[in-house]
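Lettering of chains follows the sequences in order, A, B, ..., and the numbering in each one begins at 1. Keep in mind that what you see is a predicted model, and the values were worked out from it rather than measured.
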Protein chains: 2
Amino acid sequence: MLTISILVNIPRLSAAKENSVSDPNDMPGHLARRFQQIAVAVFLAEVEDAGFDLTPVQYAALATIKANPGLDQVTLAGLIAYDRTTITGVIDRLVQKGLAERRASSRDRRARELEITDEGRRTLRRITPAVESAQRIMLRGLSAKEGEELMRLLRKAIAAGNDLSRAPLRESQA
Amino acid sequence: MLTISILVNIPRLSAAKENSVSDPNDMPGHLARRFQQIAVAVFLAEVEDAGFDLTPVQYAALATIKANPGLDQVTLAGLIAYDRTTITGVIDRLVQKGLAERRASSRDRRARELEITDEGRRTLRRITPAVESAQRIMLRGLSAKEGEELMRLLRKAIAAGNDLSRAPLRESQA
DNA sequence: TACTGATAGTCAGCATACTGATCAATATCC
DNA sequence: GGATATTGATCAGTATGCTGACTATCAGTA
């Protein structure tokens with residue numbers, strides 16, 4: 001008896017799906033955010049399980065510094081498509097953790113040359129399995145072929161939209 | 001003549017691509033971040049061009065409040081897969097802009113019931129073309145079929161990884 | 001009814017990310 | 001050579017997002 005009135009008062013929370021012309025939850029933008037949210041969580045969990053404390057950006061920056069010793073911050077930002085103002089803080093933390101060094105450039109006194117330290121190299125080497133495991137986990141709902149196709153489509157969409165964000169990818173000029 | 005020595009001194013910035021076993025720039029996690037970065041930039045640009053000041057989260061929250069009047073913050077967070085601590089700030093700003101209201105719940109004194117205001121409703125209605133335009137733009141590099149396939153794969157990967165982030169999607173219980 | 005556990009919301013703290021500004025140094029142009 | 005523009009780095013300010021903790025409240029139970 002009481003049960004009836006209670007049931008009647010429950011708001012119909014699924015109304016969005018039926019009423020809205022376009023469900024915000026099914027828009028490309030929302031799917032992009034959600035997938036990235038999961039990707040970051042998986043990355044951090046795998047890396048922490050391996051005994052390290054490194055964020056996705058920090059990993060990308062460190063790997064890029066190792067591959068391009070002595071590069072400056074703007075170039076680094078372009079190579080991994082981050083805003084240069086974000087990179088400032090990321091490098092701060094890599095330096096503070098002893099994984100990278102920031103030196104004044106002799107050629108351009110405005111610029112800082114970035115180097116990876118021995119500990120940074122060691123960290124990078126030992127963290128790789130966790131990073132690769134994370135990539136597998138975030139695609140675990142897809143077959144190998146579907147995973148490849150997802151990556152192909154993302155690459156294509158990203159290439160077409162590269163200049164739409166403040167921090168586009170800048171290919172190296174070598 | 002001078003040209004020769006200059007060319008020789010240019011660092012080989014593309015070394016990453018050839019040396020690394022796995023290019024960080026081509027990992028699923030990086031592609032996810034990059035696509036989302038573009039999606040957010042496009043959303044904000046389109047919305048601003050239309051004369052509004054609303055972020056993607058704010059839009060999603062407002063649309064969900066409109067579709068589910070009187071819902072509480074935890075339920076809202078679950079419906080759009082955001083952490084409840086993030087939602088606190090988002091609602092703060094929606095309230096401050098006069099687009100939503102936060103009322104004490106009569107049934108549960110811990111909870112806040114959320115309502116959209118008339119101005120919120122008006123904003124939502126007038127902003128819709130910009131939001132939809134943004135979704136098209138972020139997929140502009142893909143054919144219609146490819147866009148559909150990308151969304152299908154994202155949905156599938158997200159469904160499989162739903163519980164891997166702190167803020168999983170919680171379907172309504174209606 | 002008192003105890004225990006769970007839940008709604010908030011907060012402090014941290015790390016992305018962005019906009020827009022500033023400063024120092026370099027490039028460019030007349 | 002000197003004015004002008006550009007560039008590398010940083011900073012202030014704002015908004016996501018997260019972790020972990022805390023308070024107030026509610027729910028279930030002994």
Side-chain angles (χ1 to χ4, degrees), chain A residues 29 32-34 36-45 47-48 53-61 71-78 80-97 102-114 164-168 170, chain B residues 29-30 32-34 36-45 48 53-61 71-78 80-97 102-114 164-168 170:
Chain A
R33 182 196 67 85
R34 188 83 186 94
Q36 210 253 335
Q37 177 186 43
I38 291 168
V40 171
V42 168
F43 183 100
L44 293 176
V47 165
E48 187 186 349
D53 171 34
L54 214 65
T55 65
V57 212
Q58 288 168 17
Y59 169 78
L71 87 172
D72 64 290
Q73 295 184 189
V74 166
T75 305
L76 168 60
I80 57 181
Y82 277 87
D83 194 279
R84 69 189 197 287
T85 63
T86 300
I87 290 298
T88 295
V90 171
I91 301 296
D92 281 348
R93 286 176 281 278
L94 285 179
V95 169
Q96 207 226 322
K97 288 177 183 175
R102 192 196 245 133
R103 292 189 323 235
S105 167
S106 51
R107 291 176 305 147
D108 186 337
R109 300 228 309 270
R110 292 169 301 181
R112 313 299 158 99
E113 288 176 358
L114 303 174
L164 299 180
S165 79
R166 170 160 140 166
R170 297 289 176 217
Chain B
H30 178 86
R33 182 196 68 85
R34 189 81 186 95
Q36 210 253 335
Q37 176 185 41
I38 291 169
V40 171
V42 168
F43 183 100
L44 292 175
E48 188 186 349
D53 172 33
L54 215 63
T55 65
V57 212
Q58 289 168 17
Y59 170 77
L71 87 172
D72 64 289
Q73 294 184 192
V74 166
T75 305
L76 168 60
I80 56 181
Y82 278 88
D83 194 278
R84 69 190 197 286
T85 64
T86 300
I87 289 299
T88 295
V90 172
I91 301 296
D92 280 349
R93 287 176 280 278
L94 285 179
V95 169
Q96 207 225 322
K97 289 176 182 175
R102 192 195 245 134
R103 292 189 322 232
S105 166
S106 51
R107 291 177 303 147
D108 186 337
R109 301 228 309 273
R110 292 170 302 181
R112 312 298 158 99
E113 288 176 358
L114 303 174
L164 298 180
S165 79
R166 169 161 141 164
R170 297 289 175 215

Exercise. Starting at CD1 of B:I87 and ending at P of C:dA8, how long is that distance when rounded to a whole Å?
Worked result: 14 Å

Problem set entry | Spacing of A:D72 atom CG relative to D:dT6 atom P, expressed in whole Å | 19 Å

Seminar exercise, completed: Heavy-atom nearest nucleotide on DNA chain C taken for A:T86 and for B:E48; more 5' hit belongs to A:T86

Exercise. Quick one: do the B:R34 and A:Y82 side chains pair a donor with an acceptor below 3.5 Å?
Worked result: no

Problem set entry | Protein-nucleotide distance (A:R93, atom CZ; C:dT16, atom C1'), rounded to Å | 7 Å

For this session: Compare the minimum distances between each of C:dG9, D:dC18, C:dT16 and the side chain of A:T55, then state the nucleotide with the smallest one.
Result: C:dT16

For this session: Kindly point out which of C:dA17, C:dT10, D:dG8 is positioned nearest to the side chain of B:T85?
Result: C:dT10

Problem set entry | Options C:dA17, C:dA8, D:dG8, nucleotide nearest the side-chain atoms of A:A111 | D:dG8

Seminar exercise, completed: Heavy-atom nearest nucleotide on DNA chain D taken for B:K97 and for B:R84; more 5' hit belongs to B:K97

Exercise. Do B:Q37 side-chain atoms and A:A81 backbone N/O form a donor-acceptor pair below 3.5 Å?
Worked result: yes

Problem set entry | Watson-Crick or G-U counterpart of D:dA30, or none if no pair lies under 3.5 Å | C:dT1

Exercise. In chain order, what residues pass the side chain to side chain donor-acceptor pair (under 3.5 Å) check against A:D53, with sequence neighbours excluded?
Worked result: none

Exercise. Quick one: B:Q36 CD to D:dC18 P, roughly how many Å, whole number?
Worked result: 11 Å

Exercise. What is the distance, rounded to the nearest whole Å, between atom CZ of B:F43 and atom P of C:dA17?
Worked result: 18 Å

Problem set entry | Selection from D:dT16, D:dA9, C:dA17 that lies nearest to any side-chain heavy atom of B:R33 | C:dA17

Exercise. Any donor-acceptor pair under 3.5 Å between the side chain of B:R112 and the base of C:dG9?
Worked result: no

Problem set entry | 5′-ward residue of the pair B:D83/A:D92 relative to DNA chain D | A:D92

Problem set entry | Polar side chain donor-acceptor pair, A:S105 to A:D108, under 3.5 angstrom | no

For this session: Measure the distance from CZ on B:R103 to P on C:dA8 and round it to the nearest whole Å.
Result: 18 Å

N/O contacts under 3.5 Å, protein versus nucleotides 24-26 of chain D?
| residue | atom | partner | partner atom | Å |
| --- | --- | --- | --- | --- |
| D:dT25 | O2 | B:R110 | NH1 | 3.0 |
| D:dC26 | OP1 | B:R109 | N | 2.8 |

For this session: For B:V40 and B:T55, run side-chain contact (heavy atoms from CB on, under 4.5 Å): C-alpha distance rounded to whole Å, both residues' side-chain angles, the deciding distance at 0.1 Å, then the answer.
Result: CA-CA 8 Å; B:V40 171; B:T55 65; over 6 Å; no

For this session: Please name the residue in the list A:L76, A:I80, A:V57 that meets the side-chain contact (heavy atoms from CB on, under 4.5 Å) test with A:V90.
Result: A:V57

For this session: Nearest whole angstrom, please: distance from the C1' of C:dA17 to the CD1 of B:I38.
Result: 14 Å

Exercise. At under 4.0 Å, does any side-chain N or O of B:Q73 touch on OP1 or OP2 of C:dT10?
Worked result: yes

For this session: Quick one: label B:V40 by what it contacts on the DNA or RNA (base, sugar-phosphate, nothing), any heavy atom closer than 4.0 Å.
Result: nothing

For this session: By nearest nucleotide on DNA chain C, pick out whichever of A:Y82 and B:E113 is the more 5' one.
Result: B:E113

Exercise. Under 4.0 Å between a side-chain N or O of A:T88 and OP1 or OP2 of D:dA9?
Worked result: no

Exercise. Between A:A39 and B:G29, which heavy-atom pair has the shortest distance, and what is it?
Worked result: CB-CA, 4.4 Å

For this session: Please step through side-chain contact (heavy atoms from CB on, under 4.5 Å) for the pair B:R112 and B:D72, ending with a clear verdict.
Result: CA-CA 5 Å; B:R112 312 298 158 99; B:D72 64 289; over 6 Å; no

Problem set entry | Spacing between A:D53 atom CG and D:dT19 atom P, to the nearest angstrom | 13 Å

Problem set entry | N/O (side chain, B:Q37) to phosphate O (OP1/OP2, C:dT16) under 4.0 Å | no

